[in-house]
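Below: the structure, in structure tokens.
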2 protein chains.
Amino acid sequence: MNTIPAFTRAEPDARRASLIAAAAQVLARHGVAGTSVRAIAVQAGVSPGLVGHYFDGIDALIAETYAHVEAQVAAAIDAAVASAGPDPRARLDAFVTASFAPPVASPDLLATWIAFWSLVPSRPAIAGQHDEQYAQFRARVEGLLGDCGLARERQRLAAIAITALVDGLWLELCLSPHAFSAQEAGGIARANLDALLR
Amino acid sequence: MNTIPAFTRAEPDARRASLIAAAAQVLARHGVAGTSVRAIAVQAGVSPGLVGHYFDGIDALIAETYAHVEAQVAAAIDAAVASAGPDPRARLDAFVTASFAPPVASPDLLATWIAFWSLVPSRPAIAGQHDEQYAQFRARVEGLLGDCGLARERQRLAAIAITALVDGLWLELCLSPHAFSAQEAGGIARANLDALLR
DNA sequence: AAGCTTGTTGGACAAATGTACAACAAGCGT
DNA sequence: ACGCTTGTTGTACATTTGTCCAACAAGCTT
């Protein structure tokens, strides 16, 4: 007499969310090579066939997982900015500091980014998603820079520079955490902002 | 009467090099997902079994491919620096300009980088290789900065900053080439050097 | 020539992959 | 109670994956 309910119906949105969360965990734990439909299904406690029912192939699931993790990252950064108070420069500093602290700068997120990046060149739809999310991120930086009084015509390039610097430091911090510290990364980024806003 | 020689013996080093070149081409053309032992063997005009004879698994081949492409990139940058003449600042400018021009900034190289990065978290040996090559790259930047008169105690963090900025711009340039131009990337990097060396 | 070493082949092998699909179970409206 | 819709299961399927290995071919030594 098996009393384990092998069949449990969930709210569609909740099921989608749990599959996305499972995909993020598998990517973090087993890397890109260890991520498959079956591994995700096991992690979610669900039959493998269900993945195909909710997502149009595993690439689509990875793309949605990236979007979800990206949103979490953005939320964590926004929260740090919000708790920094009204001073524009303090908000900018909070932005970069949060970028190099958990849960944003975490090797666990790296595999999700890499899996997504690997799909960009061959999938036009995913390339479009990347462009969109990159533009959103840059727009937030532009806003923070504008609040600090940076002239409008300089905002675009300045935001590109800060975004690239933060991304480069973030990537290196995840790939080899011993080359430099999160504090050093934050110091570099803040010094860069000083120069940019002078 | 098939006159095609199905069996041609090659110098071991030449064969290794041709397999690495084939791996780089497959990565560039078919992306990470389309790269397999068989695809590489076909590209090299060689039997699949030969890959295992020269490399200790496909991960080792990818790691060596990365090292090879990295060396090519470093050579291209060094050539640009050398042809810039003796002025230290001109050499630094040549360094960043070359970083955003072909053949360094090319979407073809992206897949090789991504394939290598995906191996870093799970393979300690590959993580070590990454640390080493990253340190080499940074050391070159430190040298160029020192030639420009940057104080020794500031060289390390400055090199980390420039490396991260260039990497971030390079990555974004490969992922979405329409967000900004190579000229803009070069301008950003040179402006950053101005601020750093002031 | 004969034998030995070694690069090379081509296929075998088990394991893993993504997807498709028939069957089933649960909740809902009637 | 009944049927209908739909989330869910489990498996089957054809491919593809990385690795292994016995056989073979070329060159070198003797």
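In what follows, chains carry the letters A, B, and so on, assigned in the order in which the sequence lines appear, proteins first and then strands, with residues in each chain numbered from 1.
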Would you kindly give the [atom1]-to-[atom2] distance between [X] and [N], to the nearest whole Å?
X: B:Ile40; N: D:dT16; atom1: CD1; atom2: C1'; result: 14 Å
X: A:Phe55; N: C:dA20; atom1: CZ; atom2: P; result: 16 Å
X: B:Leu61; N: D:dT19; atom1: CG; atom2: C1'; result: 14 Å
X: A:Leu50; N: C:dA20; atom1: CG; atom2: P; result: 15 Å
X: B:Asp13; N: C:dG7; atom1: CG; atom2: C1'; result: 13 Å

We want to know whether A:Gln43 and A:Gln25 form a side-chain donor-acceptor pair, criterion being a heavy-atom distance below 3.5 angstrom.
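There is such a pair between these side chains.
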Evaluate the side-chain hydrogen bond (donor to acceptor under 3.5 Å, both in side chains) criterion for residues A:His130 and B:Glu172: first the C-alpha distance (whole Å), next the side-chain angles of each, then the deciding distance (0.1 Å), finally the verdict.
CA-CA 10 Å; A:His130 172 265; B:Glu172 202 54 53; 3.3 Å; yes
If you assign each of A:Gly34 and A:Gly49 to its closest nucleotide in DNA chain C, which residue comes earlier from the 5' end?
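The residue closer to the strand's 5' end, by nearest nucleotide, is A:Gly34.
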Salt bridge B:Arg190-B:Asp194, side-chain N to carboxylate O under 4.0 Å
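No, B:Arg190 and B:Asp194 are not salt-bridged.
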Counting the atoms with a prime plus P, OP1 and OP2 as sugar-phosphate, which does [X] contact under 4.0 Å by heavy atoms, base, sugar-phosphate, or nothing?
X: B:Arg38; result: base
X: B:Gly52; result: nothing
X: A:Ile58; result: sugar-phosphate
X: A:Tyr54; result: sugar-phosphate

Say you draw a straight line from CH2 of B:Trp117 to CG of A:Leu171; how long is it, rounded to the nearest 0.5 Å?
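These two atoms lie 4.5 Å from each other.
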Can you tell me if the side-chain N/O atoms of [X] get under 4.0 Å from OP1 or OP2 in [N]?
X: A:Arg15; N: D:dT8; value: yes
X: A:Ser36; N: C:dA16; value: no
X: B:His53; N: C:dG7; value: yes

